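So that the names make sense, note that chain A is the first sequence line, chain B the second, and so on, each numbered from 1. Keep in mind it's a predicted model, so treat the numbers as computed, not measured.
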Amino acid sequence: MKIENNIDTFNSLIKRRGFIWGPSPEVYGGFAGFYSYGPAGMALKNNILDLFRRECRYFGFGEVECPTIMPSIVWEASGHLERFIDPVMRCNKCTTLYRADKFFQENLPDIVIEGLSSKEMETLIKKHNLFCPKCGTPFEKIEEYNLMLKTSVGNNVTAYLRPETATTTYLLFNRLDQDARRQYPIKIFQYGKAYRNEISPRQGVLRMRAFDQFELQLFISKQQEMEFEDYDEIKNKKLPLLCWKLQEEGVNKPDLISLDEALKNKIIKKPAYAYCLYIGYYLTEILGIPQELIRLRQHSINERAHYADDAWDLEIETRQFGWVEICGIHDRTDYDLRRHAEFSKQNFEVSMGSDPNLKEIPQVLEIAFGIDRIIYVLLETTFNVEEGRINLKLKPNLAPNVVAVFPLVRNKENIRNLALKVHRNLLENRIGSFYDTAGSIGKRYRRQDELGTKWCITIDYESLDDNTVTIRERDSMDQTRVNISDLSEIIKMKQEE
RNA sequence: GCGCGAUUAGUCUAGUGGUCAGGAUCUCGGCCUUCCAAGCCGAUGACCCGGGUUCAAUUCCCGGAUCGCGCACCA
């Protein structure tokens, strides 16, 4: 295929080089909404996760992992059973599907729809003789479209695959309270699969039916939200904020303002929430996504999830899909813990300050990343074509290979042997090295450029005489000569930079 | 889920109711090669799935899957 700086070249690259494949299973024609990662994509994903886990430890978050399947009562309590099931009407003749509540709203504007049961809606259909606008067939029944994937466990017990990891983290609350010795705020994250039965998944890995979430949770008191201990450290950080008001005025460029300013202007209500916005932004920035492609966009009241008091999306501007949400930051209040306390008949009121008699249900602040979306936007934003050369400008530590080692020519045994020795030595030092002898040296450089490998090490004739090798840098293509004995140390140092 | 269009090697594509489905690139093997997709020789590899029409279907028809666009949907 012709190498051009366009989206077709990019889309072919991520398949060709083993980043993302699908829809899976491809040999059976594919199943919409399900994708696989090849070796390069998985290496990239693991590097992102390593980085995120390291940074979460730095911010004081502990990690948990919960089951992906939970019984119905959990989702009743969380509100997902109610909110994730949409009432729909299906035309018996042309099988077109309509959202019942929306259809009523448009066609019967005088009637209050909210809270109506399926039976009541069916009565409305008959009373007003509602029919399919496409073919004129009268509607009959209200059906349910469930955005959660239903399954049955054991002896026909209904259960659901989790539509988010967050809820499963909240269910550990009383354990976490003990585990953290009641030192609030409690900071916990969970990484894992979540499932949503999208009606029509599109846009590749951006809207999958099985996807990875990486969600950070803060359990915190109301007082701590307003007097947050770490706020001072981050209050002068400037973030690209696009608040709801600006959006209403038709603005879509964010304001780069400090969190303190945002708080003073009442764009943000709570210092602890501001801290969450910062963590979301920080974790995005260290992936190497250019600042000008990042914005934090506040949800309007209508856009917010059922549990949210305030919500901002962290979005990345892409060529192929416009602004893409990679992270949602939600003020979930005490909604979840209150509901789970109620449904499980547990007492989740705890003392979080110095007065042991002052008890309340903790507030929850959430930072929820979609890992697959991160992988997509990272690949797309680092993709470059420079004079016919594909260059994936990933940060060195995220690239599938840290270095690649080549003999300058293949048909000289002594050069080949030395190259292999250098490669093995790097591996001994646990540096991710890839060895390649096929084709010309230029071709091998290009192959690595496509994977984002930052440094290529070449063993040439000079190496045989003085034990030096060249390190070729990906973006500049400049080469420096170093001693083989120093190589591992130098690469490790470069990685730290 | 609806409407329109599409689906041919790993990738990008040409083409056909009937001989071996063509090209580019990639990949692999060999030769050559003292640093950025060089050259030469050789090789592997594809008509989305199911049904129908037909002596014969990758090609035409129907259904399904998937993708793209629009509508709807998107906690």
- For rU13(B) versus rC71(B), give the span between their P atoms, rounded off to a whole number of Å. 25 Å
- Query: In Watson-Crick or G-U wobble terms, both distances under 3.5 Å, what is the partner of rG42(B)?
  - Reply: rC28(B)
- With nearest nucleotides of RNA chain B determined for I390(A) and K15(A) from heavy-atom distances, which residue corresponds to the more 5′ nucleotide? K15(A)
- Interatomic distance at P, rC41(B) relative to rU25(B), whole Å: 13 Å
- Query: Does NZ or CZ of R295(A) lie under 6.0 Å from the centre of the six-membered ring of W323(A), at an angle within 45° of the ring axis?
  - Reply: yes
- Query: Which is true for G388(A) with a 4.0 Å heavy-atom rule: it touches a base, it touches only sugar-phosphate, or it touches nothing?
  - Reply: base
- Consider the side chain of P23(A), meaning its heavy atoms from C-beta on, and name the nucleotide among rC2(B), rC67(B), rA38(B) that approaches it most closely. rC67(B)
- Measure from the side-chain N and O atoms of W21(A) to the backbone N and O of K15(A), and report whether any donor-acceptor pair falls under 3.5 Å. yes
- Message: Base, sugar-phosphate or nothing for R389(A)? Non-hydrogen atoms, less than 4.0 Å.
- Response: nothing
- Query: Quick one: on RNA chain B, does L13(A) or E164(A) contact a more 5' nucleotide (nearest heavy atom)?
  - Reply: L13(A)
- Let me know the distance between CZ of R410(A) and P of rU34(B), rounded to the nearest Å. 15 Å
- Task: May I have the distance from L206(A) (atom CG) to rG68(B) (atom P), rounded to whole angstrom?
- Result: 10 Å
- Task: Taking R332(A) for its side chain and L337(A) for its backbone only, find out whether a donor-acceptor pair lies under 3.5 Å.
- Result: no
- Item | R447(A) side-chain proximity, nearest of rA38(B), rC28(B), rC36(B) | rC28(B)
- Task: With P as the reference atom in both, quote the distance from rG3(B) to rG64(B) in angstrom, rounded to an integer.
- Result: 10 Å
- Message: Determine whether a donor-acceptor pair (one donor, one acceptor, N or O, separation below 3.5 Å) exists between the side chain of Q479(A) and the base of rC35(B).
- Response: yes
- Within this structure, what is the OH-to-C1' distance between Y28(A) and rC49(B), rounded to whole angstrom? 12 Å
- Message: Would you say K443(A) places a side-chain N or O within less than 4.0 Å of OP1 or OP2 belonging to rC26(B)?
- Response: yes
- Could you check how far OH of Y445(A) sits from P of rA38(B), rounded to whole Å? 14 Å
- Query: Do R207(A) and rC73(B) share a donor-acceptor pair, side chain to base, under 3.5 Å?
  - Reply: yes
- Query: Would you say R16(A) reaches rC12(B)'s phosphate, i.e. side-chain N/O to OP1/OP2 under 4.0 Å?
  - Reply: no
- Query: Taking the same atom, C1', in rC73(B) and in rU27(B), what whole-Å distance lies between them?
  - Reply: 42 Å
- Message: Expressed as a whole number of angstroms, how long is the span from R202(A):CZ to rG1(B):P?
- Response: 12 Å
- Message: I need the CD1-C1' distance between I471(A) and rC36(B), as an integer number of Å.
- Response: 17 Å
- Query: Tell me: CG of D8(A) to C1' of rC67(B), nearest whole Å?
  - Reply: 13 Å
- Output the single nucleotide from rA37(B), rG68(B), rC32(B) whose closest atom is nearest the side chain of N411(A). rC32(B)
- Using the C1' atom in both, what is the distance from rA6(B) to rA14(B), to the nearest Å? 16 Å
- Query: Considering only the P atoms, how many Å lie between rG42(B) and rA24(B), rounded to the nearest integer?
  - Reply: 14 Å
- Look at all strands and tell whether T9(A) reaches a base, only sugar-phosphate, or nothing, counting heavy atoms closer than 4.0 Å. nothing
- Query: Below 4.0 angstrom from OP1 or OP2 of rC73(B), is there any side-chain N or O of S200(A)?
  - Reply: no
- Task: Give none if rU33(B) has no partner; otherwise give the nucleotide forming a Watson-Crick or G-U wobble pair with it, both distances under 3.5 Å.
- Result: none
- Note on the structure: Here the distance between atom P of rC36(B) and atom CG of D475(A), to the nearest Å, is 18 Å
- Task: Sort out the partner of rG50(B) for me: Watson-Crick or G-U wobble, both distances under 3.5 Å, none otherwise.
- Result: rC62(B)
- Who does rG18(B) pair with, Watson-Crick or G-U, both distances under 3.5 Å? rC55(B)
- Query: Quantified in whole Å, what is the P atom distance between nucleotide rA57(B) and nucleotide rU44(B)?
  - Reply: 27 Å
- State which of rC35(B), rC12(B), rG30(B) makes the closest approach to the side chain of L408(A). rC35(B)
- Between atom CD1 of I390(A) and atom CZ of R446(A), what is the distance when rounded to the nearest 0.5 Å? 10.0 Å
- Which nucleotide in the set rC2(B), rC28(B), rG30(B) lies at the smallest distance from any side-chain heavy atom of A438(A)? rC28(B)
- Does any nucleotide pair with rA9(B) by Watson-Crick or G-U wobble geometry, both distances under 3.5 Å, and what is it? none
- Note on the structure: pair_partner(rG1(B)), Watson-Crick or wobble, both distances < 3.5 Å, evaluates to rC71(B)
- Whether R444(A) side chain and P407(A) backbone form a donor-acceptor pair below 3.5 Å: yes
- Query: Looking across every strand, which nucleic acid part, if any, lies under 4.0 Å from E387(A) by heavy atom: base, sugar-phosphate, or nothing?
  - Reply: nothing
- Of the nucleotides rU11(B), rG1(B), rC35(B), which has the atom closest to the S12(A) side chain? rU11(B)
- Query: When the C1' atoms of rG18(B) and rC26(B) are considered, how many whole Å apart are they?
  - Reply: 33 Å
- Checking R373(A) side chain against L206(A) main chain: does a donor-acceptor pair fall under 3.5 Å? yes
- Measure from the side-chain N and O atoms of Q190(A) to the backbone N and O of C66(A), and report whether any donor-acceptor pair falls under 3.5 Å. yes
- Message: For a 4.5 angstrom cut-off between non-hydrogen side-chain atoms, does T458(A) reach R472(A)?
- Response: no
